[in-house]
There are 2 protein chains.
Amino acid sequence: MARRSQTETAVLGALSMHPMTAYALREAIRDVLGHFWSESFGQIYPTLGALERQGHVERREGPRSGSSTFVITDSGTARLRELLNEPITAAPPRNGLLLRLFFGRTLGVRKCRELLLEAKADAERNLAGYEGLARKISAEEKDSPDLPYVLTTISAGRRSAENVIAWADEALALLGDIPADDTTPTNGESS
Amino acid sequence: MARRSQTETAVLGALSMHPMTAYALREAIRDVLGHFWSESFGQIYPTLGALERQGHVERREGPRSGSSTFVITDSGTARLRELLNEPITAAPPRNGLLLRLFFGRTLGVRKCRELLLEAKADAERNLAGYEGLARKISAEEKDSPDLPYVLTTISAGRRSAENVIAWADEALALLGDIPADDTTPTNGESS
DNA sequence: TTCCAGAAATATCTAACAGATATAAGCGGC
DNA sequence: GCCGCTTATATCTGTTAGATATTTCTGGAA
């Protein structure tokens, strides 16, 4: 079944903000959509080629020799609207932390606690980032009609980070009773 | 860089619970780890072959002709411990809902609200599932040393579902001010 | 001014992976 | 004895991440 490339949606979406080179596109996707989306060069180049062939984007002289800036066309905008309306294809879950915790008895309590503390610290860093970002965007784009939409995505990130912090504390408490069983953990050889 | 196959970890982990056929393995991963992990047949068969060649699993007579049951070996258990100790490779984010909301002005407020309501309903279904699962596992595995570990993963799912519900409400409120503008997707492209 | 380091930029290749699909054996009901 | 279902094995294709090769441009040191 279709298994439509979601890359197309992200690329057209980014170009709908303003024209860019492929390189800048990658940067924009990483910096702006990075909280909930990612694309690799390996996808971006072929996708831009296909979109050009279909007339959804046009290639213009880039900022230097051999460089191209891509501009979205009217048909590209229509195509974007079409793609955004397609049903969401859920990404299959792949959470390495939970996989390790599930087999925590094999991994050892100590290492589990370590992983949880790391995850919590990461989430705290992210949380600070989201809070700063929300303030910055709210000020800079005060009158943009895009603002409320962007704020919903930032809020998702912020809440998710808060959630991880609270969960990590609960998980640490759940593992609190388990004795630090020296038989299980740390096989010296790996890493 | 290594780009270690995470499939190996999940397969060995599942087999560490008890011997299974490849088919049952897929079922087990879907039903037991399904909240945070997924594997496809396309990965499971080649991985089992490779693990057999390395002596980490052994192939036994299966429940019927041509069928094989796989058993984890001692070296397989050691390998699992090694893999669990490797650093977590984070899955690149790919959230189709947030991608659509980010470009919400192009998609239209109405559709955004629809998507949010769907997401909330999904989360409510999931939440009920997690709560039931936590009760069931707590009772059935009351004395299992694995229980606290499993409970941390279920709690992650439950909290995540609760989080989506609260976020969806906030997002709907954020979009509340925007007029329903049926013609919304103005391709004026001014932006 | 030339040289060099590093950033910007373009492009390609491989391994990992999801999902679809082909096939067949056993099993119950009718 | 046929049909449909589940169990089971296996493979193929399109999607994707990430590594890497290469070139052009820019700023600073010699």
Side-chain angles (χ1 to χ4, degrees), chain A residues 1-11 14 19-31 33-34 36-52 57 59-70 83 86-96 99, chain B residues 1-11 14 19-31 33-34 36-52 57 59-70 83 86-96 99:
Chain A
M1 207 210 306
R3 260 156 96 222
R4 266 298 326 124
S5 171
Q6 314 235 91
T7 301
E8 210 179 326
T9 315
V11 165
M20 275 180 266
T21 66
Y23 187 83
L25 223 151
R26 202 327 250 268
E27 305 267 289
I29 290 175
R30 196 190 51 197
D31 298 343
L33 312 182
F36 55 87
W37 203 260
S38 84
E39 290 295 343
S40 59
F41 281 126
Q43 287 299 104
I44 288 177
Y45 281 95
T47 299
L48 278 172
L51 287 173
E52 188 188 11
V57 304
R59 188 186 294 261
R60 300 276 165 79
E61 258 319 283
R64 72 222 225 164
S65 88
S67 158
S68 306
T69 295
F70 293 88
L83 287 170
E86 280 189 4
I88 296 172
T89 59
R94 224 102 202 283
N95 186 320
L99 184 66
Chain B
M1 208 207 308
R3 263 154 96 221
R4 271 285 341 116
S5 170
Q6 314 235 93
T7 301
E8 210 178 327
T9 316
V11 165
M20 276 181 266
T21 66
Y23 186 83
L25 224 153
R26 201 327 251 270
E27 305 269 287
I29 291 176
R30 196 190 51 197
D31 297 343
L33 313 182
F36 55 86
W37 204 261
S38 84
E39 289 297 343
S40 60
F41 281 127
Q43 287 300 105
I44 289 177
Y45 280 96
T47 299
L48 279 171
L51 287 172
E52 188 187 11
V57 304
R59 188 187 294 260
R60 299 277 165 81
E61 258 321 280
R64 73 219 223 166
S65 87
S67 156
S68 306
T69 294
F70 293 89
L83 287 170
E86 281 189 3
I88 296 174
T89 60
R94 225 101 204 281
N95 187 322
L99 185 65

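Throughout, protein chains are lettered first and strands after them, A, B, ... in sequence-line order, and every chain is numbered starting at 1. This structure is a prediction, so every number in the text was calculated from the model and none was measured.
With the nearest nucleotide of DNA chain D identified for both B:R94 and B:F70, B:F70 has the one nearer the 5' end. Heavy-atom nearest nucleotides on DNA chain D were determined for B:Y23 and for B:P92, and the one closer to the 5' end corresponds to B:Y23.
With sequence neighbours left out, B:R30 forms a side-chain hydrogen bond (donor to acceptor under 3.5 Å, both in side chains) with B:E27. For A:R59, the side-chain hydrogen bond (donor to acceptor under 3.5 Å, both in side chains) partners are A:E52, A:S68, not counting sequence neighbours. For A:R94, the salt bridge (charged side-chain N to carboxylate O under 4.0 Å, His left out) partners are B:E39, not counting sequence neighbours. For B:P19, the side chain to side chain contact (heavy atoms under 4.5 Å, CB included) test picks out B:T69, B:V71, with sequence neighbours left out.
Rounded to an integer number of Å, the gap from CG of B:D31 to C1' of D:dT7 is 14 Å. To the nearest angstrom, C1' of C:dA20 lies 11 Å from CZ of B:R26. Atom-to-atom, CG of B:L48 to P of D:dA10 comes out at 10 Å; the value is rounded to the nearest Å. The CZ atom of A:R30 sits 14 Å away from the P atom of D:dA17 (whole-angstrom rounding).
Contact between A:M20 and A:A14 at its shortest, heavy atoms only, is CE-O, 3.2 Å.
Sorted by first then second residue, the salt bridge (charged side-chain N to carboxylate O under 4.0 Å, His left out) pairs that include residues 42-51 of chain A, not counting sequence neighbours, number zero.
Remark: B:S38, B:E39, B:S40, B:G42, B:Q43 in residues 37-46 of chain B come within less than 4.0 Å of DNA chain C through at least one heavy atom.
Residue A:T21 places no side-chain N or O under 4.0 Å from the OP1 or OP2 atom of C:dA8. In this model, the phosphate group of D:dT15 is not approached by any side-chain N or O of A:T7 to a distance below 4.0 Å at OP1 or OP2. Under 4.0 angstrom from either OP1 or OP2 of C:dC17 there lies at least one side-chain N or O belonging to B:S5.
In this structure, A:L48 and A:L25 have side chains that are in contact, with non-hydrogen atoms separated by less than 4.5 Å.
The side chain of A:Q6 has D:dT16 as its nearest neighbour among D:dT16, C:dT10, D:dT9. Ranking C:dC17, C:dT10, D:dA10 by closeness to the B:R59 side chain, first place goes to D:dA10.
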